[in-house]
Amino acid sequence: MKSKSFTPVCHAILLALWMAPAAVRAESHFTGFPDSADPVKVGGLVTRRFIDSPHQNFGKPTPPPQITYPEVCTWYGALTFAKLAGKPDLTKALVARFEPLFGEEARLFPRPDHVDNNVFGGLASEIFLQNGDRRCFDLGKYYADTQWESGPIRVHQFKPATRERVTRGLSWQTRFWIDDIYMITIVQSQAFRATGETRYLDRAAKSMVAYLKELQEPNGMFHHAQDAPFFWGRGNGWMAAGMAELLRSMPTEHSDRAAILDGYRKMMTTLLSHQGGDGMWRQIVDDPASWPESSCSAMFTFAMITGCKEGWLDAEVYGPAARKAWIALSGYIEPNGDVRGVCVGTNTANNREHYMNRPRAVGDMHVQAPMLWCATALLRKQVSR
């Protein structure tokens, strides 16, 4: 009797789950984490570690001449996390860290002459979006605009390659390096979110399409450079995160959205096939003999979580992969909030050993940042489509 009555109930439950909205099924992969991987606890730990840290200088013991891009990206992630986690004490501390830049630390404002420096505008825009500080609104616009408007440097003074890119409507900071695209898209996307002016979104989209055409390989991945034919993890991570951030703000009718979404999905398909059994991705993504690297793993995880929640990816396929990666990454966190296993800053080389032998750091902000992006993405509401 029990088996006869139990079977229809089971069938009814399974049918109800299958017929539930895709958003509900997708969200099920991103709840019920073990305590060590709880996004609020992880995000809080990493954020407090950031707040307690001095301004960083790429691992050097000396103070930096300006705020560096890994710190900017971590700061941005901490702010978005604190907002969604409902942690006003953390938000207050993060904004207080910014205030000295308007006074005694003004010398630390990055010079707006490089993609790695202009990304600072995305941070300023986030503060404006959260508290309405018009000084930060102006800063966000300034860094977004100077990424396109080169000030005293005139077009005829550029090198031929730069001049050609400018005439195509691209930023004068365009280099076609794979890590550039996050630095371009986040500052422009944030300016769009802050101002509502579509020109910022169009700039980011035009740049992304150009980078995809110029650099994406048929399998959806990206070589570190034309003379460095290796799928270096973090370089590809910047591309994945940049596409995810941009697509979040693009209306479905935008003329460039389809091309960017296609490039994103191509990349996610290949990443899925190269995820290690431990949930991590490798320093050289398609080389299973290379070591598990935390910054690229966190960036890919952020891109997958975002894709599942936004409905761009099949959550039944990618949700378990993203969940497995997040739990694995949480195991790399030290008690003080530092994350292990991150590759230090890396230039290009046409040599596999160059990538294999790169030093591994602990607490480098190249990984602290995407851990916070992931925590934020896990807290974002599922998009109903």
Side-chain angles (χ1 to χ4, degrees), residues 55-62 64-74 110-120 147 158-159 161-162 165 170-187 207 210-212 214-217 221-243 267 271 274 280-287 289-300 339-370:
H55 296 309
Q56 301 293 292
N57 191 14
F58 297 106
K60 300 174 186 176
T62 54
Q66 61 182 22
I67 302 296
T68 62
Y69 75 86
E71 181 171 349
V72 167
C73 295
T74 307
R111 294 182 59 187
D113 59 1
H114 192 282
V115 287
D116 290 348
N117 295 342
N118 280 67
V119 71
F120 182 84
Q147 196 165 67
F158 288 135
K159 292 180 180 179
T162 301
R165 292 162 189 166
L170 301 176
S171 166
W172 66 282
Q173 296 177 357
T174 301
R175 300 180 301 174
F176 289 121
W177 292 19
I178 53 176
D179 48 348
D180 290 355
I181 200 59
Y182 182 87
M183 313 302 167
I184 292 173
T185 53
I186 193 63
V187 65
S207 293
Y211 271 71
L212 288 170
E214 188 82 17
L215 300 175
Q216 192 169 39
E217 296 295 313
M221 301 297 289
F222 301 82
H223 287 152
H224 196 182
Q226 290 181 335
D227 59 350
F230 300 95
F231 298 132
W232 176 48
R234 187 162 63 244
N236 278 272
W238 288 120
M239 291 295 307
M243 283 189 278
M267 186 181 202
L271 286 174
H274 288 301
M280 301 286 284
W281 281 272
R282 268 45 194 171
Q283 164 75 343
I284 302 175
V285 175
D286 62 340
D287 186 344
S290 67
W291 44 280
E293 202 279 324
S294 55
S295 68
C296 75
S297 294
M299 291 176 176
F300 297 150
V339 184
R340 304 187 307 274
V342 54
C343 175
V344 299
T346 297
N347 289 321
T348 64
N350 191 1
N351 182 338
R352 176 179 178 272
E353 296 309 308
H354 166 78
Y355 296 93
M356 293 291 285
N357 296 332
R358 295 302 290 158
R360 305 176 212 188
V362 177
D364 186 301
M365 289 192 182
H366 283 96
V367 67
Q368 304 296 110

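These values consider heavy atoms only, across backbone and side chains, with no hydrogens, waters or symmetry-generated copies. Index from 1, following the sequence. Here the structure is a predicted model, which is why all the values come from computation and not from measurement.
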Problem - Closest non-hydrogen atom pair between Val115 and Arg175, with its separation - result: CG2-NH2, 3.9 Å
Practice task
Verify, without hydrogens or angle tests, whether Trp281 (side chain) and Leu271 (backbone) share a donor-acceptor contact under 3.5 angstrom.
Solution key: yes
Problem - All side chain to side chain contact (heavy atoms under 4.5 Å, CB included) counterparts of Val367, not counting sequence neighbours - result: Ser294, Ser295, Val339, Val342, Met371
Handout entry: Non-neighbouring partners of His224 that pass side-chain hydrogen bond (donor to acceptor under 3.5 Å, both in side chains), sequence neighbours left out
Key = Tyr355
Practice task
Could you tell me the separation between the CD atom of Gln173 and the CG atom of Asp116, rounded to the nearest 0.5 Å?
Solution key: 9.0 Å
Handout entry: Reported NE2-to-CG distance for the pair His114 and Asp180, which is rounded to 0.5 angstrom
Key = 7.0 Å
Handout entry: Aromatic centroids of Phe230 and His223 separated by under 6.0 Å
Key = no
Problem - Min side-chain heavy-atom separation Pro65-Asn57 under 4.5 Å - result: yes
Practice task
Show your reasoning for whether side-chain hydrogen bond (donor to acceptor under 3.5 Å, both in side chains) applies to Arg165 and Thr174.
Solution key: CA-CA 7 Å; Arg165 292 162 189 166; Thr174 301; over 6 Å; no
Exercise for the section: Output yes when a side-chain donor or acceptor of Arg340 lies under 3.5 Å from a complementary backbone atom of Arg360, and no otherwise. Expected result: no
Handout entry: Closest non-hydrogen atom pair between Arg111 and Gln66, with its separation
Key = N-OE1, 3.2 Å
Problem - Minimal non-hydrogen separation, Cys73 against Tyr182, with atom names - result: SG-CE2, 3.8 Å
Fill in the blank from the handout: Rounded to the nearest 0.5 angstrom, the CG-CE distance for Asn117 and Met183 is 10.5 Å
Fill in the blank from the handout: When rounded to the nearest 0.5 Å, the distance separating CG of Asp227 from CG of Asn351 is 12.0 Å
Handout entry: Whether Trp172 and Phe158 hold their rings parallel, tilted or perpendicular, with breakpoints at 30° and 60°
Key = parallel
Practice task
Just do the side chain to side chain contact (heavy atoms under 4.5 Å, CB included) check on His274 and Arg282 with the steps written out, would you?
Solution key: CA-CA 8 Å; His274 288 301; Arg282 268 45 194 171; over 6 Å; no
Exercise for the section: Show your reasoning for whether side chain to side chain contact (heavy atoms under 4.5 Å, CB included) applies to Ile184 and Gln147. Expected result: CA-CA 8 Å; Ile184 292 173; Gln147 196 165 67; 3.8 Å; yes
Handout entry: Pro229 vs Asn350 side-chain heavy atoms within contact, under 4.5 Å
Key = yes
Problem - Min side-chain heavy-atom separation Pro70-Gln56 under 4.5 Å - result: no
Practice task
To the nearest 0.5 Å, tell me how far His354 NE2 sits from Ile284 CD1.
Solution key: 9.5 Å
Practice task
Compare all side-chain heavy atoms of Asp286 with those of Met221 and state whether any distance is below 4.5 angstrom.
Solution key: no
Problem - Closest non-hydrogen atom pair, Phe300 against Ala240 - result: CD2-CB, 4.0 Å
Handout entry: Neighbour count >12 (heavy atoms, 6.0 Å) for atom CH2, Trp177
Key = no
Handout entry: Close aromatic pair by centroid cut-off 6.0 Å: Phe176 and Tyr211
Key = yes
Problem - Geometric class of the Tyr69/Phe58 ring pair [parallel <30°, tilted 30-60°, perpendicular >60°] - result: tilted
Exercise for the section: Quick one: closest heavy-atom pair of Ala298 and Pro370, and the distance? Expected result: CB-CB, 3.6 Å
Problem - Within 6.0 Å of CG in Asn347, more than 12 heavy atoms from elsewhere - result: no
Handout entry: From OG (Ser207) to CG (Leu212), nearest 0.5 Å
Key = 10.5 Å
Practice task
Taking all heavy atoms of Val119 and all of Ile186, pick out the closest pair and write down the distance.
Solution key: CG2-CG2, 3.3 Å
Practice task
For the residue pair Phe222 and Glu217, establish whether any side-chain heavy-atom pair is separated by less than 4.5 Å.
Solution key: no
Practice task
Give a yes or no on whether the backbone of Val344 and the side-chain of Thr346 come within a donor-acceptor separation of less than 3.5 Å.
Solution key: yes
Handout entry: Expected output: side-chain Glu293 to main-chain Arg234 donor-acceptor under 3.5 Å
Key = no
Practice task
Answer yes or no: is there a side-chain heavy-atom contact under 4.5 Å between Met267 and Asn236?
Solution key: yes
Practice task
List for me each residue that meets side-chain hydrogen bond (donor to acceptor under 3.5 Å, both in side chains) alongside Asp287, sequence neighbours excluded, and say none if there are none.
Solution key: Arg352
